[in-house]
Amino acid sequence: MACCGDSMEDEENGKKMEADQDTNKDHTKRSKLGWFWSLLLLIFGAVVITMSVLTILKYFDYLKKGRGPHHHQEIVENYANALGISMQFFDVQKSGKLVNNKIVWRGDSALHDGSEENLDLSKGLYDAGDLMKFGFPMAFTATVLSWAILEYGDHMNAVKQLEHAQESLKWITDYLINAHPSQNMLYIQVGDPDLDHSCWERPETMSEKRPLTQINTTFPGTEVAAETAAAMASASLVFRRINSSYANLLLMHARQLFTFADTYRGSYSMSVPQVQKYYNSTGYEDELLWAATWLYHATRDRSYLEYVTDINGQAFANWGIPTWFSWDNKHAGLQVLLSRINIFGSEDVSETENLGLQMYRRTAESIMCGLLPDSPTATSSRTDSGLIWIVKWNSLQHPVASAFLAVLYSDYMIASGTETLYCSGKSYQPHDLRKFAISQVDYLLGKNPMEMSYLVGYGNNYPLYVHHRGSSIPADANTGCTDGFKWLESESPNPNVAIGALVGGPFLNESYIDSRNNSMQGEPTTYNSALLVGLLSGLVTSSQMVKSYT
């Protein structure tokens, strides 16, 4: 019985073991299935999270690079080509001993400028088609070129023009530094304009005297001293990261020149009556504000911000009165530049200073509304094809300057997330301002009734008889002061292409007479080129606006 009882117990234990094994197998099978599904869920979750992160990153990248259908990331080739061509005009206009000269028909010139006062004023740029160095428009050229680099240096770099722009700027600021030998003295002109205009010659063969003109405490020149301070301050920001000692030197000169300009107030047009025929100033208040604003950007010294808001805003700024940006009138540029501080915000701005900044911004908005062609307050100062047109002499300066400011303001809006500009009850978006700017630059590049490019060297049809001495005389011609006039009167096209020159522009009826004697329409200027470089740099690709220059 015991035997049988043990057998039955063993049999039951065996059955139990088999059951336990089946249970364990079932548990193992379920465990494997659970692990499998858990793994699948983990993989699926990881994929979802990765895709979400990528989507978010793409969205932020989209916001960073610009919104809307008018802001593409690729390079706009025709603007890139035009920018490269425009930059070359600075090389065409260089005075002094040329370094890495890229213009085959240009050579060293004016090597002894400044020697009568033991100064080296050989560098700098010839003003226009003549061989004068006028300090007022030259300093404005430097300020605008600095502004363009500060805002759109990344764009320039993308099309390999940044280094060229920096070199061109330094060629001017080297001259300006040497033109300021002491705190309260600034040389503002090299050459006698009356004598210069009685000659037609290449800069390389100049033989007449090149007298110097200065401003000082007895004969002040607030506007030119202040504009030179603005040029120095803005350029110091450009060179801060690539040549800090040079930037500090520029800033020292900027501070001194501003103090000189503000302390000894007086128009240079009164101190130097000779300039009235060429670059007559209509007032210096705008230049004082312009210089102080650039010094604030360069130093973050609150006293400069207070100067343009609390102290002098009401008296000097023309709040509520839209104006045109030019070498003579900085108000419109000033309104936009100070709007930048208000749009992006600043922790060190007081309540009263902020109120002043708001007034600058409101005026800037009025300017923008005036530029938009279908705005209720749109300016009527346009040609039938829509080009901004203010004056017949050098008519392209104002549309190019206006378009440059419009691109800047559009990009300020995009970078700050400001979606709407209101113009007397009608709303506009940043791309509307950009569209206006494009209409102006496309006009001068050939989309106009003349079907010609006003930028020399761009396209297949551009002016051939540019009012420009060096361009009009063969490089191997040995001419003096007066015997070069035969080249002015010649019926042949200029033997040398003044590559990058932006000529004066069309008349109000949109006609253009391509004649070398037509200086009103056919003479290029360096400050027009600086404005065009800024405009093209803003349009060559979409905005990547930085919020602070520092």
Side-chain angles (χ1 to χ4, degrees), residues 121 124-144 172 175-176 179-180 183-198 210-232 256-292 294 312 315-318 321 323-334 390-394 397-398 401 504 519-520 523 525-528 530-531:
L121 300 181
L125 303 180
Y126 297 117
D127 173 65
D130 54 21
L131 304 180
M132 288 295 300
K133 295 179 190 174
F134 288 109
F136 193 22
M138 193 195 302
F140 177 70
T141 298
T143 309
V144 172
I172 303 174
Y175 167 87
L176 295 177
H180 183 226
Q183 290 191 32
N184 297 327
M185 178 188 294
L186 177 68
Y187 286 91
I188 63 164
Q189 184 175 293
V190 179
D192 180 331
D194 293 333
L195 179 59
D196 180 86
H197 285 72
S198 68
R210 306 267 293 170
L212 306 181
T213 303
Q214 66 169 249
I215 55 171
N216 48 49
T217 57
T218 305
F219 297 97
T222 295
E223 54 276 272
V224 64
E227 182 60 63
T228 308
M232 300 283 208
Q256 290 180 358
L257 281 164
F258 177 76
T259 300
F260 169 44
D262 192 37
T263 304
Y264 299 94
R265 293 185 185 181
S267 174
Y268 97 125
S269 292
M270 299 302 293
S271 297
V272 189
Q274 189 184 33
V275 303
Q276 293 176 17
K277 291 194 297 183
Y278 303 98
Y279 287 102
N280 183 50
S281 171
T282 57
Y284 56 71
E285 293 85 358
D286 52 325
E287 278 84 19
L288 285 172
L289 297 176
W290 179 243
W294 278 114
N312 294 299
F316 290 175
N318 285 354
I321 304 174
T323 52
W324 301 102
F325 189 39
S326 72
W327 59 265
D328 178 40
N329 192 334
K330 313 308 180 324
H331 278 116
L334 175 71
I390 309 301
V391 293
K392 61 183 179 180
W393 200 290
N394 191 18
Q397 179 185 190
H398 292 104
S519 58
M520 182 180 293
E523 186 170 16
T525 61
T526 52
Y527 47 87
N528 275 13
L531 289 163

What are the two closest non-hydrogen atoms of [X] and [Y], and how far apart are they?
| X | Y | answer |
| --- | --- | --- |
| L125 | M138 | O-CE, 3.4 Å |
| I215 | G221 | CD1-O, 3.4 Å |
| Y175 | V190 | OH-CG2, 3.4 Å |
| K330 | W327 | NZ-O, 2.6 Å |
| Q397 | N528 | CB-OD1, 3.3 Å |
| P137 | D127 | CG-OD1, 3.5 Å |

[Y] versus [X], side-chain donor and acceptor atoms under 3.5 Å:
| X | Y | value |
| --- | --- | --- |
| E285 | N318 | no |
| S267 | E223 | yes |
| T282 | D328 | yes |

TODO: Please test F258 against L288 for side-chain contact (heavy atoms from CB on, under 4.5 Å), starting from the C-alpha separation and ending with a verdict.
DONE: CA-CA 8 Å; F258 177 76; L288 285 172; 4.3 Å; yes
With the side chain counted from C-beta on, respond yes when [X] and [Y] share a heavy-atom pair under 4.5 Å apart, and no when they do not.
| X | Y | result |
| --- | --- | --- |
| T222 | E287 | no |
| V275 | Q189 | yes |
| Q183 | L257 | no |
| N394 | M520 | no |
| W393 | S519 | yes |
| I188 | F134 | no |
| R265 | P220 | no |

Hey, do the aromatic rings of [X] and [Y] have their centres closer than 6.0 Å?
| X | Y | result |
| --- | --- | --- |
| Y278 | H197 | yes |
| Y279 | F136 | no |
| W290 | F325 | yes |

Open item on the list: I'd like to know if D194 pairs up with K277 as an ion pair, taking the criterion as any Lys NZ or Arg NE/NH1/NH2 lying under 4.0 Å from an Asp or Glu carboxylate oxygen.
Closed with: yes
Value rounded to 0.5 Å, distance of [atom1] in [X] from [atom2] in [Y]:
| X | Y | atom1 | atom2 | answer |
| --- | --- | --- | --- | --- |
| T228 | F140 | OG1 | CZ | 13.0 Å |
| Q214 | Y187 | CD | OH | 4.5 Å |
| T141 | Y527 | OG1 | OH | 8.0 Å |
| T526 | L531 | OG1 | CG | 10.0 Å |
| N280 | M270 | CG | CE | 9.5 Å |
| L176 | M232 | CG | CE | 5.0 Å |

Judged by atom type as modelled, is there a donor-acceptor pair below 3.5 Å linking the side chain of [X] to the main-chain atoms of [Y]?
| X | Y | answer |
| --- | --- | --- |
| T525 | A128 | no |
| H331 | F316 | yes |
| N216 | F219 | yes |
| S198 | L195 | yes |
| Q276 | S269 | yes |

Task: Working for side-chain contact (heavy atoms from CB on, under 4.5 Å), residues Q274 and D192 - done: CA-CA 9 Å; Q274 189 184 33; D192 180 331; 3.2 Å; yes
TODO: Quick one: do M185 and H180 satisfy side-chain contact (heavy atoms from CB on, under 4.5 Å)? Show the steps, please.
DONE: CA-CA 6 Å; M185 178 188 294; H180 183 226; 5.8 Å; no
